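Working notes, beginning with the structure itself.
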Amino acid sequence: MAPITPYSLNGKHVFVAGHRGMVGSGIVRRLATEGCTVLTATRAELNFLDQAAVRVWFEANRPHAVFLAAAKVGGILANDSFPADFLYDNLMIEANIIEAAFRVGVEKLLFLGSSCIYPKLADQPIVESALLTGPLEPTNEWYAVAKIAGIKLAQAYRRQHGCDYISAMPTNLYGSGDNFDLMSSHVIPALLRKAHEAKLSGAEQIEIWGTGTPRREFLHVDDCADACVHLMKTYSDAEHVNVGSGEDVTILELTQMICDAVSFKGKIVHDLTKPDGTPRKLMSADKIRALGWHPKIGLTEGLSATYAWFRSNVG
Ligand code: GFB
């Protein structure tokens, strides 16, 4: 690993691309204590798919640092149903922002990817060097290919132009600001909503997708935001860094924890017409731990906090 090059955010203008999303809003909250000026742009103000507009925005605002948290995201069904959107939108967003950042001399940029970049059957826990060693999980290969391209863009600008661009690969994230729409969401918001609505209506059961046997690793968005700021300040190298808790649960175990958080006591049944996705994707947390970071919010605590947020803001 290259020697650490500390990068201070104090006094800097820091652009959070995607500040209305779950991760972007978490990063904005986390930056409040860093002494920096946070720059944001709503979709109405700046369309990241529009290369010319992105260049104009960067020339006008000239940020020192960029968190690239803007992306088209969704759960397993959304990924499987809209492959063109997931590939095209994510390629354009990252290419436009990275090139515009280079043109105005951004000092440091952190690109956010996803654990689905790894081969479907990678050895577990998955180490960073497993990238591009095997075929991808078919339900989300389009999104994965776009995110792999983002990592490679950051590496290419580092190699050709000496840019200090780094990449973080978070595991499955959840928390305040999540998407609770049942067709497009990830598993945690979907099951929180299903259990909540079943409790309110007095239903005897909730339905989960698939067999419940896949294993997933989860991280609260506030931990992810903290990790991103930590990496921005302390990491400077070409290889991406896994951002996870280092622990996973089966979807059935997760469902039981969610039923407990919601106090829903009914049965769990399965919709086997829906996909399971990859059987397991537990990432190795060794690298980020060696960089001095570890998560602070356990899954039980995080699920309760997310349920409280859902009840105040959505349900
Ligand atoms: O969170 P999720 O949609 O994403 O699904 P992936 C995780 C697991 O939960 C799958 C099961 O095995 C689902 O079949 N599951 C059970 C449910 N019930 C439900 C439900 O009601 N809704 C949902 N959504 N799932 C995504 C990728 O994969 O993970 C993206 O498609 C991205 O590219 C993201 O990487 C983090 O973990 O399977």
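It should be emphasised that the depicted structure is a prediction, and the values quoted were computed from it without experimental measurement. Whatever order the structure lists them in is the order used to number ligands and atoms, beginning at 1.
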Problem - Ring centroid separation H220 to Y174 under 6.0 Å - result: yes
Atom pairs and distances, donor-acceptor, side-chain atoms in residues 16-25, under 3.5 Å, two or more places apart:
unit_1, atom_1, unit_2, atom_2, d
S25, OG, G21, O, 2.7
S25, OG, M22, O, 3.1

Exercise for the section: Give the other cluster members for I297, using side-chain heavy-atom distances under 4.5 Å between Ile, Leu, Val, Met, Phe, Trp and Tyr residues; answer none if it is isolated. Expected result: none
Completion exercise
Hits for salt bridge (charged side-chain N to carboxylate O under 4.0 Å, His left out) against E253, two or more places apart or cross-chain, chain-then-number order -> none
Problem - Pair F15 and F58, ring centroids less than 6.0 Å apart - result: yes
Exercise for the section: Let me know which protein residues bring a heavy atom to under 4.0 Å of ligand 1; chain then number is fine for ordering. Expected result: G74, G75, I76, N79, S114, C116, N140, Y143, N172, S185, H186, V187, A190, L191, K194, I208, W209, P214, R216, I251, P275, D276, K281
Exercise for the section: Keeping the roles fixed (side chain from Q51, backbone from N96), state whether a donor-acceptor pair exists under 3.5 Å. Expected result: no
